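First the structure, in the form of structure tokens, and then the observations on it.
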Amino acid sequence: MDKCLGFIGTGNMGSAMIKSIVKSGIISPGNISIYDIDKKKLTDLASETNTSALDSAKEVVLKSDVIILAVKPNMVKSVLSDCIDAFSADKLLVTIAVGIPTDFYKEILGKNKKVVRVMPNTPALVGEGMSIISCPENISKNDCETVLELFRCVGKVELLDENLMNEVTALTGSSPAYVYMFIETMADTAIQSGIPENLAYTLAAQSVLGSAKMVLETGLHPSILKDQVCSPGGTTIEAVRALESNGFRNSIIDAMNECTKKAKEIGQTYS
């Protein structure tokens, strides 16, 4: 990729992306500039990846064709306000801040600026992320493909209209937390039964991983895969009955609806 890439923010997600992009070889480390307010974290990461640590967010913008903004939502306005005059119309801003609509960025930088909104999730840290990407009408096919290629370095990617980004927060952005709770609960119950702790977490996590892979690779509906495990009069159907009687599905539905509601509230504060 013949681009100069910049990162503003080198936290968990930013650093995972930088390492994965460098490892992939799609962009030379010499063409990647990074900045973070944590100077030690910044210099350590630059040394590890052979990327260029710069002294300000504005310097990153000036030096880059594509800028990935990987800061918390409450930092977005102050960071961008310091860089307004560095954002020429040809630069592409890619933001991973949850809940903030692209119009908010354009209010700060100018209506003609190119802004792509991305919602990654934490499994990107191990190369198994699910990134949802929204490319508005003023984003060219080439620019959109550039963003897709960058985020493929940390997992799978899908395009989605921005008006559904809040709705999908509960499905991809926040859902790893539900899965971790499920793994933790299964393992803790196994530990109660006498299974060693480390083994219990390994068995629970691998079962979730394998089940997810079955859905992705077989193309079968989850209900069909569930029925294949449930032998008549067997142990699994008893477990399913207990889950249903205790409101398993309703708990997930309520959790996702509350998550979506909160994402919309965050977005409204920036509208």
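In this text, all values refer to a predicted model and were calculated from it rather than measured experimentally. Numbers here are sequence positions counted from 1.
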**Request:** Would you mind reporting whether K19 and E48 have side-chain heavy atoms less than 4.5 Å apart?
**Result:** yes
**Asked** CD1 of I100 to CD1 of I266: how many Å apart, nearest 0.5 Å?
**Response** 8.5 Å
**Message:** With a 6.0 Å cut-off (strictly less than), is the heavy-atom count around NZ of K40, excluding the residue itself, greater than 12?
**Reply:** no
**Prompt:** Counting heavy atoms not belonging to K77, are there more than 12 under 6.0 Å from its NZ?
**Reply:** no
**Message:** Take a 6.0 Å sphere around CE of M214 and say whether it holds more than 12 heavy atoms from other residues, nucleotides or ligands.
**Reply:** no
**Item:** Heavy atoms of other groups near I37 CD1, more than 12 under 6.0 Å
**Value:** no
**Asked** Should we count NZ of K39 as having more than 12 external heavy atoms under 6.0 Å?
**Response** yes
**Request:** Grab the two heavy atoms, one from A70 and one from G14, that are nearest each other, plus how far apart they are.
**Result:** CB-CA, 4.2 Å
**Prompt:** Is the side chain of N246 donor-acceptor paired with the backbone N or O of F248 at a distance under 3.5 Å, no angle test?
**Reply:** no
**Prompt:** If Ile, Leu, Val, Met, Phe, Trp and Tyr residues are connected whenever their side-chain heavy atoms lie under 4.5 Å apart, and connections chain through other members, are L80 and I84 in the same group?
**Reply:** yes
**Prompt:** Regarding S33 and E59, is there a side-chain donor-to-acceptor distance under 3.5 Å anywhere?
**Reply:** no
**Note, I132 side chain near V118 side chain (heavy atom, < 4.5 Å)** = no
**Request:** May I ask you to check whether over 12 heavy atoms, not counting those of E128, lie within 6.0 Å of atom CD?
**Result:** no
**Message:** Within a 6.0 Å radius of atom CZ on F182, are there more than 12 heavy atoms belonging to other residues, nucleotides or ligands?
**Reply:** no
**Prompt:** Between Y270 (side chain) and D103 (backbone), is there a donor-acceptor pair under 3.5 Å?
**Reply:** no
**Message:** Rounded to the nearest 0.5 Å, what separates atom OG1 in T218 from atom CD1 in I224?
**Reply:** 8.5 Å
**Request:** Would you check if V71 and V76 make a side-chain contact, meaning some heavy-atom pair closer than 4.5 Å?
**Result:** yes
**Request:** For the residue pair T102 and V116, establish whether any side-chain heavy-atom pair is separated by less than 4.5 Å.
**Result:** no
**Item:** Ionic contact status for E149 with R152, cut-off 4.0 Å
**Value:** no
**Message:** Quick check against the 3.5 Å criterion: does N121 have a side-chain atom that pairs as donor or acceptor with the backbone of T172?
**Reply:** yes
**Prompt:** Is the CG atom of D2 crowded by more than 12 outside heavy atoms at less than 6.0 Å?
**Reply:** no
**Asked** Hey, does P120 have a side-chain heavy atom less than 4.5 Å from the side chain of M13?
**Response** yes
**Request:** Please answer whether the main-chain N or O of T43 pairs with a side-chain N or O of S47 as donor and acceptor at a distance below 3.5 Å.
**Result:** no
**Asked** Side chains of Y201 and E184: does their closest heavy-atom pair fall under 4.5 Å?
**Response** yes
**Request:** Before accepting this row, confirm whether a basic side-chain N of the pair K264/E167 lies closer than 4.0 Å to the acidic partner's carboxylate O.
**Result:** yes
**Request:** Could you tell me the separation between the CG atom of L69 and the CD1 atom of I8, rounded to the nearest 0.5 Å?
**Result:** 5.5 Å
**Message:** Could you work out, with side-chain hydrogen bond (donor to acceptor under 3.5 Å, both in side chains) as the rule, every residue matching T169, not counting sequence neighbours?
**Reply:** none
**Item:** Donor-acceptor contact present, side-chain D36 to main-chain T10, <3.5 Å
**Value:** yes
**Item:** Taking every non-hydrogen atom, the tightest pair across G99 and N166
**Value:** CA-OD1, 4.0 Å
**Prompt:** Are any of the side-chain heavy atoms of L5 and I21 separated by less than 4.5 Å?
**Reply:** yes
**Request:** State whether the side chain of N12 and the backbone N or O of T122 hold a donor-acceptor pair below 3.5 Å, judged by distance alone.
**Result:** no
**Asked** Is any side-chain heavy atom of D82 closer than 4.5 Å to a side-chain heavy atom of K58?
**Response** no
**Prompt:** Would a distance-only check, ignoring hydrogens and angles, find a side-chain to backbone donor-acceptor pair under 3.5 Å from S20 to M17?
**Reply:** no
**Prompt:** Would you find a donor on one side and an acceptor on the other, under 3.5 Å apart, between the side chain of D38 and the backbone of K41?
**Reply:** yes
Would you list the atom pairs, donor with acceptor, under 3.5 Å between side chains in residues 87-98 and any protein atom, with sequence neighbours excluded?
| residue | atom | partner | partner atom | Å |
| --- | --- | --- | --- | --- |
| S88 | OG | D90 | OD1 | 2.4 |
| K91 | NZ | V61 | O | 2.9 |
| K91 | NZ | L62 | O | 3.4 |
| K91 | NZ | S64 | O | 2.7 |
| T95 | OG1 | A97 | N | 3.2 |
| T95 | OG1 | Y105 | OH | 2.6 |

**Request:** Ignoring hydrogens and angles, tell me if any N or O in the side chain of D65 forms a donor-acceptor pair with the backbone of K3 under 3.5 Å.
**Result:** no
